[in-house]
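I have placed the structure first, in the form of structure tokens, so that the comments after it can refer back to it.
Read the numbers this way: they start at 1 and go in the same order the structure lists the ligands and their atoms. Keep in mind that the numbers below use all heavy atoms, side chains included, and drop hydrogens, waters and symmetry copies.
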Amino acid sequence: MVLSSSSHRRVQRIAVIGAGIGGLTAAALLAKQGFRVTVYEQADLPGGCASTFRRRGFTFDVGATQVGGFGPGGIHTQIFAELGVPLPESTPCDPACAVYLPGETEPIRVWRHPERWRAERQHHFPGSEPFWQFLGDLFARSWRFQNRNPVLPPRHPWDFWQALRAMRWDTLDTLPFTFSTVGDALAGFGLADDRRLRTFLDLQLKLYSQVDASETALLYGATALAVAQAPLGIDHLHGSMQVLSDRLVTALKNYHGTLHCRQRVQAIALNPLRLSIHDSRHQQTSWQEADLIVANIPIHNLAALLGEHLPRGYQQRVAQLPEPTGAFVVYLGVHRSALPDHAPPHLQVLDAYGSQGRSLFVSLSQEGDGRAPTGYATITASEFTPAAPWFAADVPYETLKEQFTQRAIAQLQAHCSLNAATVIVREAATPCTFARYTARHRGYVGGLGMRVPEFGPFAFSSRTPLERVFLVGDNIHPGEGTAGVSYGAQTVVRQICQQFG
Ligand SMILES: Cc1cc2nc3c(=O)[nH]c(=O)nc-3n(C[C@H](O)[C@H](O)[C@H](O)COP(=O)(O)OP(=O)(O)OC[C@H]3O[C@@H](n4cnc5c(N)ncnc54)[C@H](O)[C@@H]3O)c2cc1C
């Protein structure tokens, strides 16, 4: 339950910390509801992990390269319609991804059409169809529940009511699987020893849940494994990912909200609620009062900002979380001749089975999609990496970065022709880069692992223990990705409007 920090003073001024997709979505929707919204963003540009940078005529997406929620009724479609701004142009990804298992030249193509995907998986994983049918059934029930707008995890009587009214008999059928993992389901269907299937699932699940099949909560995993198929599906934005945050900023301004870039919130104080803000453009620090705060930051950052104002139990829970992961990303600007013919926009490549295997998630720009001049392309290849070694002094930072870059390029050589003649731009980002440019604690990205103790009903709530401080972003339910954080933002706006509107 939340601690009441003050009486029911009228809420007019809302401060949003961070202009990532979660913060901007919440800010624009709240501004539309008539609140006076001010967004403070420490970077030069909005967008956070879904922003971009430019080098020598190439535009690189820093983190997110593909989006869910762009189909009819999808979360971005709904929110852009509500805000009255055009949905950014996009192309459906079909296949969403081509997955190369070690030593194989024929990829597993994750097709958009459900029947085509069924045929593909039956071809690659004979005998596994009952498992997929079971997952599909769980997904259908969970998705119907999600579409009735439950509030998870509930922390307030209104939240409980929203969760209860979203329940149906078919939701109750999913409850026995609340504590299961995808690995449990594999074992249940006698597929635990199917190395190819298990590896494929590990690769795909890590993209959405940060952890592999043995740890991913089954109810979350069933959804993550279904998002690439119609009527949902994955899209590739025209221009760059930046267009998403730019449109949200337009909506925010249309409703008289304000965005201040290069202004970092350093502390929050209570009674009255206020924020200490450092303006790096003018090198000034000042205090600003607010009636309510929406923090679009990771949970570790929130714990640091609020310090002793948070109850000890909450602080302990944050401190005891399994360490989230960081990311290493290589960005290449290349001649288009370096890419394979008819390459899909996304590849996932694993070089070996077992603990030595390294997987890369690769995004290739499409001709005319706005990321590279005609005849050129961008390649973005990311992998998960523990954050700790990047902040330790064991191996010099630049040495480690060069080792990772060389390894990634060597791995990409199996699919792309990369040499001095074809590669024009080469950049890399590490957990230190993400910590610096997105201010995320230790460069942890993508959210908390969706293990059973951290997903859905057990996740961190958008309500913090302080009644007037809310949390949005990829550390709360339903988790990571631009679509996930938009659902979270929509929930927070409903909570605020219900309680303070
Ligand atoms: C390599 C990589 C690949 C990814 N691929 C995909 C993908 O293909 N598709 C997808 O949907 N998702 C992908 N993701 C995940 C996705 O990018 C994130 O889950 C999502 O963008 C997070 O949005 P957010 O609003 O929660 O947080 P963020 O994007 O982190 O935004 C938080 C903002 O707050 C600002 N901020 C932080 N602290 C302060 C402070 N004290 N004061 C002021 N401002 C502050 C930051 O500068 C930042 O702009 C990827 C992530 C990474 C790193």
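- With a 4.0 Å heavy-atom cut-off, ligand 1 is reached by the backbone of Gln263 but not by any atom from C-beta on.
- In this comparison of Gly23, Gly20, Ala489, the heavy atom closest to atom 31 (O) of ligand 1 sits on Gly20.
- Below 30°, between 30° and 60°, or above 60°: for His441 and His300 the angle between ring planes is below 30°, a parallel geometry.
- Among Ser51, Ala64, Ala304, the residue whose heavy atom lies closest to atom 6 (C) of ligand 1 is Ala64.
- For the pair Arg442 and Phe391, the cation-pi criterion (under 6.0 Å, within 45° of the ring axis) is fulfilled.
- Comparing Met241, His346, Gln42 by heavy-atom distance to atom 45 (C) of ligand 1, the nearest is Gln42.
- Residue contacts with ligand 1 for Val445 involve side-chain atoms from C-beta outward but no N, CA, C or O (heavy atoms, distance under 4.0 Å).
- Counting heavy atoms only, Val329 comes closest to atom 1 (C) of ligand 1 of the residues Leu302, Leu305, Val329, Ile297.
- An N or O contact shorter than 3.5 Å links Gln66 to ligand 1 by distance.
- Residue contacts with ligand 1 for Val485 involve side-chain atoms from C-beta outward but no N, CA, C or O (heavy atoms, distance under 4.0 Å).
- When the options Arg436, Arg264, Arg440 are ranked by their closest heavy atom to atom 28 (P) of ligand 1, first place goes to Arg440.
- Without hydrogens or angle criteria, Gln411 side chain to Arg358 main chain gives a donor-acceptor distance under 3.5 Å.
- Between Asn301 and ligand 1, not a single N/O pair is under 3.5 Å apart.
- Neither the backbone nor the side chain of Asn475 has any atom closer than 4.0 Å to an atom of ligand 1 (non-hydrogen atoms only).
- Geometric assessment of Arg407 against the ring of Phe404 yields a positive cation-pi assignment under the 6.0 Å and 45° thresholds.
- Ile268 is not listed as a side-chain neighbour of His309, based on a closest heavy-atom distance of 4.5 Å or more.
- When the side chain to side chain contact (heavy atoms under 4.5 Å, CB included) test is applied to Glu89, the partners found at least two apart in sequence or on another chain are His238.
- Only the backbone of Ile21 comes within contact range of ligand 1, with a heavy atom under 4.0 Å; no side-chain atom does.
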Go through the steps to decide whether Phe460 and Tyr314 satisfy the test ring pair (Phe, Tyr, Trp, His ring centres under 6.0 Å), and finish with yes or no.
CA-CA 10 Å; Phe460 276 96; Tyr314 194 89; 5.5 Å; yes

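- Using a 4.0 Å cut-off between charged nitrogen and carboxylate oxygen, Arg112 and Asp235 count as a salt-bridge pair.
- Residue Gly22 has at least one nitrogen or oxygen atom sitting less than 3.5 Å from a nitrogen or oxygen atom of ligand 1, judged on distance alone.
- Distances between N or O atoms of Gly481 and those of ligand 1 include at least one value under 3.5 Å.
- Between Lys206 and Glu480 there is no salt bridge, since no side-chain nitrogen of the basic residue lies less than 4.0 Å from a carboxylate oxygen of the acidic one.
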